Amino acid sequence: MSDTKLATERTTLLPTLVFAALATAIVSSLGMLLVPSIASQFDVDVATAQWMLTVNLLAGAVATPILGRLSDGPHKKRLLLVSLSIMFLGSVLAAAAPNFGLFLAGRALQGLSYGIVPITISIARRYVEKKKVQPTISTLSVTVSSGIGVGYPLTGIIAGLFDYSFAFWFGAIFVLATIIVVWKVVPSGPDTHAESRPFDYLGTALLTFGLGSLLLAISEGPKWGWSSLPTLTLIIFAVVILTVWVLVENKLAFPLINLRTLKQEKYSWPISPPSLSEQHCISVCRSLRWLLRPKPPLDTG
């Protein structure tokens, strides 16, 4: 590859990654403001409609460490394109769903949006000039935060002027545009500098069941009652499974999330983490924040 072509690719790479991060923010913002509209459209109560938030966050909390771990591998562009494609299908399904069940399926597929940023950061660390890696990662992080801030009012305006489905069609078009740009700009790979490491299937399964149970208990606890049998069962199950997960991860040479790094005093995340899958902690905190937020009133009239 010529120096001129390499310089051109590096120049266009940052705007492309920012565009991908912005798509993540847009899709992530398709949530709380639309709950009353979804409840009315599918003839369900508001408490049931809130599952559009819960299922999205559950899927995202589980998908983020998996995508973060896979982004350490050689096929970064392929992983980003596949993830964006699933987000696109989820947006289309949510926009065109004839019933609430299919709508929730679309929202679950959109949950992959939470795992896009670790992939973009991994690509930046590999292909951006070393002296520009730190500001690039900072830019991507700020893009997500500011994009969500813009996405919420934009979602409300679109849903207010048109049908709720227009908000999801808008998200689908935005993601489709991102797919095209990523396909044209991001280096194809495979990344020959990436380590080839075995995937932690056991840790993935344990984290999926443990974290999913915990977030489900937190989400439904106020409705079921914190001392109810379903809530307590989920919490106890989650604690047991996550405890086993911690023990397993600490014994593996190549864990899904390297918990041993948490013991290091000099840990300069997010600039130089040993593995991008550690960003899963951010997704979990984000999920907990949303699940514990004040619920919208049940009487929307």
Side-chain angles (χ1 to χ4, degrees), residues 1 6 8-30 56 59-92 106 108-129 132-133 136-145 147-148 151 171-197 199 204 256-257 270 273 275-280 282-283 286:
M1 182 182 295
L6 179 60
T8 301
E9 283 191 355
R10 285 181 169 177
T11 301
T12 56
L13 182 59
L14 176 56
T16 300
L17 296 180
V18 169
F19 197 43
L22 188 58
T24 295
I26 294 296
V27 172
S28 298
S29 66
L30 299 174
N56 178 263
V62 171
T64 299
I66 297 174
L67 295 180
R69 169 64 183 82
L70 293 175
S71 69
D72 293 331
H75 302 291
K76 296 174 173 57
K77 179 177 181 178
R78 182 187 302 175
L79 179 64
L80 181 57
L81 286 174
V82 169
S83 301
L84 288 170
S85 298
I86 293 175
M87 282 173 54
F88 172 73
L89 292 176
S91 299
V92 171
L109 294 178
Q110 285 184 320
L112 265 69
S113 62
Y114 295 94
I116 295 296
V117 175
I119 304 175
T120 60
I121 291 178
S122 180
I123 293 173
R125 292 179 64 219
R126 172 61 182 90
Y127 296 109
V128 173
E129 293 181 74
K132 295 182 179 179
V133 170
T136 297
I137 294 175
S138 300
T139 299
L140 292 173
S141 301
V142 171
T143 298
V144 174
S145 300
I148 291 177
I173 293 172
F174 202 99
V175 174
L176 180 60
T178 304
I179 292 173
I180 295 172
V181 174
V182 167
W183 177 69
K184 286 183 171 292
V185 174
V186 176
S188 297
D191 179 9
T192 55
H193 294 170
E195 285 187 66
S196 180
R197 299 184 297 177
F199 188 77
T204 299
L256 178 68
I257 299 178
S275 169
L276 286 171
S277 59
E278 272 72 38
Q279 294 181 56
H280 177 53
I282 299 298
S283 175
R286 189 178 178 185

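Everything numeric in this text was worked out from a predicted model, so none of it was measured.
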Enter the distance from [X]:[atom1] to [Y]:[atom2] here, rounded to the nearest 0.5 Å.
| X | Y | atom1 | atom2 | value |
| --- | --- | --- | --- | --- |
| Ser91 | Leu84 | OG | CG | 10.0 Å |
| Leu14 | Lys132 | CG | NZ | 8.5 Å |
| Leu17 | Thr143 | CG | OG1 | 10.0 Å |
| Leu81 | Ile180 | CG | CD1 | 11.0 Å |
| Thr136 | Leu140 | OG1 | CG | 7.0 Å |
| Ile257 | Arg69 | CD1 | CZ | 11.5 Å |

Please name all residues satisfying side-chain hydrogen bond (donor to acceptor under 3.5 Å, both in side chains) with Thr120, sequence neighbours left out, ordered by chain then number.
none

How far apart are the closest heavy atoms of [X] and [Y], and which atoms are they?
| X | Y | result |
| --- | --- | --- |
| Pro187 | Leu13 | CD-CD1, 4.3 Å |
| Leu79 | Ser71 | CD2-N, 3.5 Å |
| Thr64 | Gly115 | OG1-N, 3.8 Å |
| Leu109 | Gly90 | CB-CA, 3.7 Å |
| Arg126 | Lys76 | CB-CE, 4.3 Å |
| Leu67 | Ser83 | CD2-OG, 3.7 Å |

Please check if the side chain of Ser29 supplies one atom and the backbone of Ile26 the other of a donor-acceptor pair under 3.5 Å.
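The answer is yes, because a donor-acceptor pair under 3.5 Å joins these two groups.
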
Is Ser122 reaching over with its side chain to a backbone N or O of Pro118, donor-acceptor style, under 3.5 angstrom?
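No; zero donor-acceptor contacts below 3.5 Å.
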
Pairwise side-chain contact, [X] with [Y], heavy-atom cut-off 4.5 Å (strictly under):
| X | Y | answer |
| --- | --- | --- |
| Thr12 | Lys184 | no |
| Leu112 | Ile116 | no |
| Thr139 | Val18 | yes |
| Phe199 | Ile66 | yes |
| Lys77 | Ile123 | no |
| Thr24 | Tyr114 | no |

Can we call the ring centroids of Phe88 and Phe174 under 6.0 Å apart?
no

